[in-house]
2 protein chains.
Amino acid sequence: MTEPSPVRQPDLPPPMPARPEADPGPVATGLAVERVDTSFLETLIGYNARRAALTIISHFLPRMAQFGLRPVEFSVLTLIGHNPGITARQLCTTLDLQPPNLVGMIKGVEKRGLLEKRDHPSDRRAQGLYLTAEGESQLEQAQETALALEVEATPRLTPLERITLIRLLRKVYQPDH
Amino acid sequence: MTEPSPVRQPDLPPPMPARPEADPGPVATGLAVERVDTSFLETLIGYNARRAALTIISHFLPRMAQFGLRPVEFSVLTLIGHNPGITARQLCTTLDLQPPNLVGMIKGVEKRGLLEKRDHPSDRRAQGLYLTAEGESQLEQAQETALALEVEATPRLTPLERITLIRLLRKVYQPDH
DNA sequence: TATTGTTATACTCTATAACTATA
DNA sequence: TATAGTTATAGAGTATAACAATA
């Protein structure tokens, strides 16, 4: 990345006279910060989860560009593929999307011939969403790529750690169950 | 966020008879999808990490609004507080921010009197960032709030699970170490 | 009266190009 | 030549309000 900041040789100035106050943090030498202390942020699940998600996404984007799929589009296509006839409303509640933001996305993949809308059997307001043959083929390849990319993006996780990590993440965003 | 989707009562259909084939997914009845199958997405770390991060952020936003701090502003203030004299460049590489996006943020908190810039001791292009007394006071309260909010946002995690989760997330976004 | 899908729109977040002053 | 900070700007991503058709 940027600076390896190798062997730590702080070269501290002579100690300051003792002070009564509590922890002053890293010694204020008036000099530049050599190593950035991120210890507090690293105690926060939100910070760590966000950083981890962004790392995976940075691997996801170039690999899935061949399918023209961004993360949410991939999630939408996956849910349609595994739930033929799902409605837009169901996609929104499942993926926490706002309906207006889904309209353009569906219109896009529909225009690319990956999915089609059909009449909903019992509610004429709604439409069931289905993958086309091309959509199913694309999704199959995209899913394989996603699985491979995840392993490549997380080389330090053992298979067991991967399972544990997923289980704990689900406990965060699925308060019930 | 949008909808808490309260008590989940899936209203499951009666169990289906055993079938020899490999899992064909939800039965294509030509009828509406009753329960949305998310099983594939839930095997992906990226999906789960993103959902978990968004859940925490949804708790973060209203709680930290009293300090006028959004997630990245909180991270920036935290790093400055723990690393007096840190430069904008160091903040960018540490938090994976683009320099142009940091400028306005720093300008904002500086105008609110929470931080100040001083000359860098050895590089006249750079500036060291420091919290004001008010900034330190605000940060201290904000950090306490963040810690409390995280626990409230993840009631199903035991203290041990929290530690494990953080350790595994760090293995995802810190390839070295 | 409530809900599905939709349009229009605004706001936030993030990314790129190009400039300046220093190194 | 490269780097720190900055400006301007463009593009994603996400949010709200309001509407027509249907429940």
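Both backbone and side-chain heavy atoms feed into the values below; hydrogens, waters and symmetry mates do not. Naming: A, B, ... by sequence-line order, numbering from 1 per chain.
- Remark: aromatic rings of B/Phe60 and B/Phe74 are close, center separation under 6.0 Å.
- Where A/Pro71 and A/Arg124 each meet DNA chain D at their nearest nucleotide, the meeting point lying more 5' is that of A/Pro71.
- The residues B/Arg162 and B/Glu150 are annotated as not salt-bridged, no charged nitrogen and carboxylate oxygen being separated by less than 4.0 angstrom.
- Only one option out of B/Thr78, B/Ile86, B/Leu79 pairs with B/His82 in a side chain to side chain contact (heavy atoms under 4.5 Å, CB included); it is B/Thr78.
- Note that the first and last nucleotides of DNA chain C, 5' to 3', having any atom under 4.0 angstrom from a heavy atom of chain B are C/dT12 to C/dA23.
- As rounded to whole Å, 10 Å separates atom C1' of D/dA21 from atom CG of A/Asp123.
- If you take CD of B/Gln90 and C1' of D/dG5, they are 14 Å apart, rounded to a whole angstrom.
- Checked by distance alone, B/Arg125 brings a side-chain donor or acceptor within 3.5 Å of a matching partner on the base of D/dT3.
- Note: CD1 (A/Ile57) to C1' (D/dG13) measures 11 Å, nearest angstrom.
- If you check every strand for non-hydrogen atoms under 4.0 Å, B/Asn101 touches a base.
- Side chains of A/Thr38 and A/Glu42: a donor-acceptor N/O pair is present below 3.5 angstrom, by distance only.
- Look at B/Arg156 and B/Glu161 and you find no salt bridge, because none of the NZ, NE, NH1 or NH2 atoms lies under 4.0 Å from a carboxylate O.
- Between B/Glu134 and B/Glu136, every side-chain heavy-atom pair lies at or beyond the 4.5 Å cut-off.
- Atom CZ of A/Phe74 and atom P of D/dG13 are 16 Å apart (whole Å).
- Take the nearest nucleotide of DNA chain C for B/Pro99 and for A/Lys107: the residue whose nucleotide is more 5' is A/Lys107.
- Rounded to an integer number of Å, the gap from CG of A/Leu97 to P of D/dA15 is 9 Å.
- The shortest distance between the side-chain N/O atoms of B/Lys117 and the OP1/OP2 oxygens of D/dT6 is below 4.0 Å.
- Under 4.0 Å is where a charged nitrogen must lie from a carboxylate oxygen, and between B/Glu110 and B/Arg112 no such pair does.
- Taking atom CE on B/Met105 and atom P on D/dT7, their separation rounds to 15 Å, with Å as the unit.
- Across the protein-nucleic acid pair, B/Arg89 atom CZ and D/dT6 atom C1' stand 15 Å apart, rounded to whole Å.
- Between the CG atom of A/Leu54 and the C1' atom of D/dA12 there is a distance of 14 Å, given to the nearest Å.
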